Enquirer: 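Structure below; questions to follow.
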Amino acid sequence: MAKKSEPQKASPKSLDVSELMRDNDQPNFLNQMQEDFKKMMIDKQVLQKCIETFLDEIIDQLTLGIIFDLHRKFKTKAYCLEVKENEEEADAEQSEELPLSPVKSSPQKCVCPNCAQQVAALRFARHLAKCMGLSNNSRSSRNASRRAATNKEKGASSSSSYSANSDDDNDEDWNPRMNRKKDKSFSPKKKGTPKRSSEPDLAEAINTDTGETDEAKNLRHTRSNSSSPDSLSGSGNITPKKRDKFKKMGKGKERSSASTSLKFD
Amino acid sequence: MSGKPENANGRVSMHLDVNNGLERVTELIETRLIESGWKDRVKLACREAITENNQNVPSVDHLIEVITPKARALVPDAVKRELLHEIEMIFSNIEKGGYTTTLDG
């Protein structure tokens with residue numbers, strides 16, 4: 001009777017092997033299991049079917065676990081919190097990624113309002129500082145001062161045609177690349193040479209100015225009555241040879257002053 | 001036969017349990033299924049089934065009816081074949097090594 005009732009008790013999930021083995025009514029349990037195992041292994045098709053059903057059963061168990069878990073989460077509204085957290089994380093990631101993407105993708109160009117050149121956006125600040133002469137770099141400030149000086153001179157000489165002026169600027173000084181090349185090619189000793197070359201022009205300009213105001217110079221000359229080279233104003237009464245001498249003297253003085261100015265720089 | 005479970009599933013699980021291999025095989029199956037992305041797909045199917053009715057969350061029985069066949073179908077064939085082969089190999093190893101005759105605990 002006990003043997004007949006045993007299979008009913010031994011349902012597949014509630015079957016406890018250790019209990020069966022310890023049961024006094026089942027002394028030959030392991031031998032029976034071994035026989036059953038041998039039978040199962042002889043027929044490969046039966047074995048495969050058994051394994052397949054076993055696998056399906058475990059898959060069903062796992063599925064049940066997932067279903068219970070999700071159902072409980074939805075019922076207790078714990079799932080909504082999880083979704084919100086995920087959404088917040090996704091938003092944060094997007095906000096971190098967004099500002100980086102346009103910089104990588106599109107190299108934008110800006111037009112300089114001063115020289116109307118197209119400059120890459122990343123270099124625009126540096127270019128503008130150089131172009132406006134605002135940067136700390138001494139070269140750029142010198143360039144800017146030169147540009148300003150040339151602008152003033154040209155503006156004074158030919159103020160009638162603005163378009164012609166702008167063309168000249170582009171040809172000579174307004175191309176920053178040309179200036180860079182020039183600066184690189186010159187040695188630091190040679191840097192002073194353009195200033196020296198520009199000094200005689202200044203001296204000539206002074207002389208021309210003095211020539212224009214002869215009366216005032218005559219007055220000064222009469223007051224001082226000195227033969228010092230400072231009295232360039234006395235050119236009105238002096239012969240052309242003496243003028244040349246005075247010019248040379250004036251150049252020498254100005255050169256010395258230029259050298260002192262260089263030292264101060 | 002006495003002590004022998006009625007269905008094939010119980011039969012296999014009993015033999016594995018006697019030879020201390022049931023837990024290992026269960027873990028193996030679960031790991032492979034998670035690695036293949038089966039668990040995520042089943043979760044997604046579950047969420048879709050639950051959110052179909054916006055007002056009421058469906059009952060567990062309804063979910064089991066809907067999801068269980070889907071979950072079986074969602075198992076990748078390669079993974080299923082591999083798992084079947086591995087369990088078969090475990091059984092052949094038990095046969096070669098000899099069926100357990102003593103109880104470990």
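Computed from a predicted structure; not experimentally measured.
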Enquirer: Would you mind checking which part of Ile59(A) comes under 4.5 Å of any heavy atom in chain B, side chain (CB onward), backbone (N, CA, C, O), both or neither?
Expert: both
Enquirer: For residues Lys75(A) and Val57(B), report the shortest heavy-atom separation together with the two atoms involved.
Expert: CE-CB, 4.3 Å
Enquirer: Heavy-atom distances under 4.5 Å only: say whether Leu22(B) touches chain A with side chain, backbone, both or neither.
Expert: side chain
Enquirer: Would you confirm whether Trp38(B), through its side chain, and Arg32(B), through its main-chain N or O, come within 3.5 Å as a donor-acceptor pair?
Expert: no
Enquirer: What part of Leu84(B) is in contact with chain A, defined as an atom under 4.5 angstrom from a non-hydrogen atom: side chain, backbone, both or neither?
Expert: both
Enquirer: When the ring planes of Phe91(B) and Phe37(A) are compared, do they come out parallel, tilted or perpendicular, using 30° and 60° as the limits?
Expert: parallel
Enquirer: Check Ala45(B) against Lys70(B) and note the closest heavy-atom contact, atom names and distance.
Expert: CB-CD, 4.5 Å
Enquirer: Report yes or no: does Thr53(A) contribute a side-chain atom to a donor-acceptor pair with the main-chain N or O of Cys50(A) at less than 3.5 Å?
Expert: yes
Enquirer: Looking only at heavy atoms and a cut-off of under 4.5 Å, which of Thr68(B), Leu33(B), Leu63(B), Val60(B) has the most pairs with chain A?
Expert: Val60(B)
Enquirer: Among the options Val75(B), Ile67(B), Ile50(B), pick out the one with the most heavy-atom pairs lying under 4.5 Å from chain A.
Expert: Ile50(B)
Enquirer: In terms of heavy-atom proximity below 4.5 Å to chain A, should Lys80(B) be classed as side chain, backbone, both, or neither?
Expert: both
Enquirer: So which atom in Val79(B) and which in Ser36(B) form the shortest heavy-atom distance, rounded to 0.1 Å?
Expert: CG2-CB, 3.7 Å
Enquirer: Side chain from CB out, backbone as N, CA, C, O: work out which of these in Ile64(B) comes under 4.5 Å of a heavy atom of chain A, or both, or neither.
Expert: both
Enquirer: Name the option with the most non-hydrogen atom pairs under 4.5 Å to chain B; the candidates are Ile67(A), Ile58(A), Asp56(A).
Expert: Ile67(A)
